[in-house]
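Written below as structure tokens is the structure these notes are about.
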Number of protein chains: 2
Amino acid sequence: MSDDTSLWSALADPHRRSIVALLLERPRSVGEIVEECGLSQPSTSKHLKVLREAGLVRVRQDAQRRVYALDPAPIAALDAWLAPYRKLWNRSLDALGRRLDETSDTSTEDPSPKD
Amino acid sequence: MSDDTSLWSALADPHRRSIVALLLERPRSVGEIVEECGLSQPSTSKHLKVLREAGLVRVRQDAQRRVYALDPAPIAALDAWLAPYRKLWNRSLDALGRRLDETSDTSTEDPSPKD
DNA sequence: CTCCAATATGCCTCGGCGGTTATATGCACG
DNA sequence: CGTGCATATAACCGCCGAGGCATATTGGAG
């Protein structure tokens, strides 16, 4: 059930955004995630449950370990939500940039999210 | 300044997302917003305060009315946050068989969304 | 079968959020 | 100056979410 609200509220938590950022690098087991973001194991498991129910992550069972990985679909949904607004800020950036420069590409320059 | 968390949690509420969507069409006074999304006036004012403090909206005072309008900057921040993940799901779409001739730049290449 | 390691889940507490009602503030107008 | 409209704020309350601790569950090793 990945309705928009569960997706947004899943990402509203900074710890969960950290987890998502971790999983962007590579899939990880719960233990790794616990160690990386310094939360307790039960708390981490709960966050992972929220992310799971929001459709943001998937689990693969490997012996006793459970390896979590990002599911790109909800990210795409976010992107779709964002699309109309992107027009808006492109427009206003354009209005600004008209006086500044011709740099129309102010987008993806950030290789690593730290959040 | 609006940290990421206040931005995300501001958008985590469906009513606030409705308000933002309303303001995407055009700036509106509080009364209009109240009428459109069916909330009470105090509740609406609170939501607007949250959006204001997240930097998502700005106010212009017009006599007794206060006209709210979208500020595109935080939307751009969201877009920036999304960028690394967008690469991910582009990749997976590719894995599904889509042949995207992307060179190395999967950034905003002006998708020209239709109205 | 038993024990252990890895993870999930239940209960409890607490702080914050969203809603409502009542009230304050600010501005225009007679 | 007082009245009325538009909006913000205060005070209060119910609820949900996040964290901690203890415990259940599951799979593997011996």
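Fair warning: this is a prediction, and the values are worked out from it, not measured in the lab. Letters A, B, ... mirror the listed sequences (proteins, then strands); counts begin at 1.
Straight-line distance from the CD atom of B/E35 to the C1' atom of D/dT7: 16 Å, rounded to whole Å. Rounded to a whole Å, the OH atom of B/Y68 is 15 Å from the P atom of D/dA6. Residue B/R52 contributes atom CZ, which lies 10 Å from atom C1' of D/dT7 at whole-angstrom precision. Between B/L48 atom CG and D/dA8 atom C1' there is a gap of 10 Å when expressed in whole angstrom units.
For A/Q41 and C/dA6, a side-chain-to-base donor-acceptor distance below 3.5 Å is absent, hydrogens and geometry of angles not being considered.
When every heavy atom of B/L39 is checked against every heavy atom of B/T44, the shortest pair comes out as CB-OG1, 3.5 Å. Minimum heavy-atom separation, B/Q41 to B/V34: CA-CG2, 3.8 Å.
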Strictly under 3.5 Å: I want the nitrogen or oxygen pairs between protein and nucleotides 26-30 of chain C, one per line.
unit_1, atom_1, unit_2, atom_2, d
C/dA28, O4', B/Q64, NE2, 3.0

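When heavy atoms are screened at a 4.0 angstrom cut-off, A/S40 is found touching the sugar-phosphate backbone but no base atom.
By the 6.0 Å contact criterion, CZ on A/R52 is enclosed, its count of non-hydrogen atoms from other residues, nucleotides or ligands being greater than 12.
Taking a cutoff of 4.0 Å between a charged side-chain nitrogen and a carboxylate oxygen, A/E32 and A/R26 qualify as a salt bridge.
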For A/D79 and A/R86, run salt bridge (charged side-chain N to carboxylate O under 4.0 Å, His left out): C-alpha distance rounded to whole Å, both residues' side-chain angles, the deciding distance at 0.1 Å, then the answer. CA-CA 9 Å; A/D79 196 72; A/R86 194 154 39 221; 3.4 Å; yes
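Relative ring orientation between B/W81 and B/W8 is described as perpendicular, the plane-to-plane angle rising above 60° on a 0-90° scale split at 30° and 60°.
Listed by residue number, B/S29, B/V30, B/G31 are the residues of residues 27-34 of chain B with a heavy-atom contact under 4.0 Å to DNA chain D.
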I'd like to compare against my own output: the B/S/- annotation of nucleotides 10-18 of chain C with a strict under-4.0 Å heavy-atom distance to protein. BB------S
